[in-house]
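Here's the structure, in structure tokens; my notes come after.
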Amino acid sequence: MTCNRRTVLATALAAAVTLSVPSAFAAKPLVIGFSQVGAESEWRTANTVSIKEAAKKEGITLKFADAQQKQENQVKAIRSFIAQRVDVIAFSPVVESGWDTVLREAKRANIPVILTDRAVNVSDPSLYVSFLGSDFVEEGRRAGRWLVERQKKAPDAVLNIVELQGTVGSAPALDRKKGFEEVIAGNPKLKVIRSQTGDFTRAKGKEVMEAFLKAEGKKINVLYAHNDDMAIGAIQAIEEAGLKPGKDILVISIDGVKGAFEAMISGKLNVTVECNPLLGPQLMQIAKDVVAKKPVPKRVVTQEGVFPAEVAAKEFPNRKY
């Protein structure tokens with residue numbers, strides 16, 4: 001009997017120890033340090049929400065920093081993430097250049113870096129493991145192609161274009177300008193007469209469009225805005241000048257946010273080129289794969305479309321941002 005009691009006790013003790021081991025050595029949650037550009041537009045807000053919700057769903061600890069559209073704030077945030085020894089650093093860079101030093105610091109700390117939404121221009125591509133985002137040059141091309149097709153309705157007409165650029169030095173501003181110019185270059189009837197940054201914000205878009213109208217007035221036939229928020233601000237300026245946006249001045253923009261669809265339904269915006277902000281789930285998967293030492297693509301391009309005003313009412317209920 002004594003022997004049996006000892007056997008039962010030993011078995012129970014072993015079971016208790018076995019049960020306690022997993023909880024004592026449970027895997028720590030993945031920690032991602034993410035530096036966001038800011039909150040300059042509807043697109044950016046949707047992008048932030050997508051990333052935060054995806055991290056929560058995956059049980060990932062997200063250390064979030066808002067750069068308020070300043071590169072120095074992002075550099076500080078990245079250095080803070082390095083000091084905290086996060087597992088992965090992800091960020092959407094304010095501008096393309098000026099990242100070599102801080103990204104080398106991350107590499108020396110053996111912390112992988114993922115770019116989201118925007119690219120960087122660095123001397124060593126190994127400073128980041130993957131770039132997830134849109135093809136901004138192609139977005140500019142799509143905007144240009146829409147205008148080229150529209151111009152065919154009045155082939156003899158010269159269309160004077162004003163351009164609202166995004167943040168100076170940012171990848172989307174540089175690339176959307178490049179793609180648009182590439183397409184319209186072959187058509188001498190399409191001329192960009194004014195081009196200035198609106199910093200991707202609605203208020204600045206309105207302010208710059210007011211200046212364009214004051215300088216050029218009714219010479220303006222087309223507005224090409226690098227994002228919807230600037231276009232919506234510019235639409236307000238056009239209306240205040242006594243003109244009809246979408247008719248007197250064609251309005252082309254990029255992003256595909258709900259506000260743009262509402263403007264198209266109202267006849268004030270002619271076309272928006274989609275730029276999908278819902279990158280959260282893809283970012284979390286790439287981060288998990290990187291930490292697990294699985295191979296990841298150097299470039300992950302999001303799938304997007306073009307939405308002219310004619311389809312806005314039908315498509316609007318499907319928009320998630």
Side-chain angles (χ1 to χ4, degrees), residues 41-42 139-168 172-174 176-257 259-273 306-313:
S41 62
E42 286 185 49
E139 289 172 353
R141 291 190 192 112
R142 288 172 178 172
R145 289 184 197 120
W146 182 90
L147 183 58
V148 167
E149 287 301 310
R150 179 62 181 249
Q151 198 268 339
K152 288 178 180 177
K153 293 182 178 180
D156 297 327
V158 174
L159 298 182
N160 293 320
I161 306 161
V162 294
E163 179 182 32
L164 284 170
Q165 298 180 45
T167 303
V168 175
L174 295 169
R176 287 170 182 171
K177 182 176 181 64
K178 178 182 177 182
F180 184 79
E181 289 178 345
E182 178 186 304
V183 171
I184 69 166
N187 190 328
K189 301 288 186 180
L190 303 177
K191 300 179 180 179
V192 177
I193 58 172
R194 295 260 173 177
S195 183
Q196 186 176 325
T197 180
D199 211 23
F200 283 130
T201 69
R202 196 170 297 196
K204 190 70 174 179
K206 182 175 187 289
E207 178 187 322
V208 176
M209 190 65 197
E210 286 171 345
F212 286 164
L213 288 163
K214 188 173 182 180
E216 303 293 346
K218 293 185 178 180
K219 289 182 183 178
I220 301 172
N221 307 115
V222 180
L223 163 65
Y224 168 46
H226 287 190
N227 82 338
D228 291 335
D229 276 74
M230 289 190 296
I232 292 167
I235 285 168
Q236 294 173 358
I238 294 168
E239 289 181 313
E240 289 174 9
L243 298 171
K244 293 181 179 179
K247 294 180 181 179
D248 295 329
I249 297 176
L250 298 178
V251 182
I252 305 167
S253 67
I254 297 176
D255 272 357
V257 300
F261 279 80
E262 290 168 345
M264 285 193 289
I265 292 168
S266 299
K268 298 176 182 181
L269 194 147
N270 301 89
V271 63
T272 184
V273 177
V306 178
F307 299 95
E310 294 78 11
V311 304

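Positions are given from 1 along the sequence.
- No donor-acceptor distance shorter than 3.5 angstrom exists from the side chain of N270 to the backbone of I252, with no hydrogens or angles considered.
- Closest of all the heavy-atom pairs between G144 and V183 is C-CG1, 3.5 Å.
- Qualifying side chain to side chain contact (heavy atoms under 4.5 Å, CB included) partners for N160, counting only residues two or more places apart in sequence or in other chains: V158, K191, I193, K219, N221.
- For the side chain to side chain donor-acceptor pair (under 3.5 Å) condition, the pairs that include at least one residue of residues 208-217, sequence neighbours left out, are R194-E216, K206-E210.
- For the atom pair CD1 (I238) and CZ (F212), the distance works out to 11.0 Å, reported to the nearest 0.5 Å.
- Looking at residues two or more places apart in sequence or on another chain, you find no side chain to side chain donor-acceptor pair (under 3.5 Å) involving Q196.
- Listed by chain and residue number, R202 satisfy the side chain to side chain donor-acceptor pair (under 3.5 Å) test with D229 (two or more places apart in sequence, or in another chain).
- Here the closest heavy-atom approach between residue I254 and residue H226 is recorded as CB-O, 3.7 Å.
- Inter-residue side-chain proximity for E42 and D255 is flagged as unmet; no heavy-atom pair is nearer than 4.5 Å.
- Atom CD in E207 sits 11.0 Å away from atom CG in L164 (nearest 0.5 Å).
- Here the closest non-hydrogen pair linking K268 and V251 is O-CG2, 3.7 Å.
- Partners of D199 by side chain to side chain donor-acceptor pair (under 3.5 Å), not counting sequence neighbours, listed by chain and number: T167.
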Which atom pairs, one a donor and one an acceptor, fall under 3.5 Å between side chains of residues 241-250 and the rest of the protein, sequence neighbours left out?
residue	atom	partner	partner atom	Å
D248	OD2	K244	N	2.7

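- Remark: Q236 pairs with no residue by the side chain to side chain donor-acceptor pair (under 3.5 Å) rule, at least two apart or across chains.
- With sequence neighbours excluded, the residues forming a side chain to side chain contact (heavy atoms under 4.5 Å, CB included) with V168 are T197, listed by chain and number.
- Shown are R145, K178, R176; of these, the salt bridge (charged side-chain N to carboxylate O under 4.0 Å, His left out) with E139 is made only by R176.
- With sequence neighbours excluded, the residues forming a side chain to side chain contact (heavy atoms under 4.5 Å, CB included) with I265 are A312, A313, F316, listed by chain and number.
- Pairs engaging residues 177-208 under the ring-ring contact (aromatic ring centres under 6.0 Å, His included) rule: F180-Y224 [sequence neighbours left out].
- Closest approach of A234 to L223, counting heavy atoms only: CB-CD2, 3.4 Å.
- Between the CG atom in N187 and the CG atom in L159 there is a gap of 8.0 Å [rounded to 0.5 Å].
- Residues L269 and S253 form a side-chain contact, since some pair of their non-hydrogen atoms from C-beta on lies under 4.5 Å apart.
- Remark: R142 pairs with E138 by the salt bridge (Lys or Arg N to Asp or Glu O under 4.0 Å) rule, at least two apart or across chains.
- Residues meeting the side chain to side chain contact (heavy atoms under 4.5 Å, CB included) test with S195, sequence neighbours left out: E163, Q165, K177, V192.
- For the pair V162 and M209, the minimum side-chain heavy-atom distance is below 4.5 Å.
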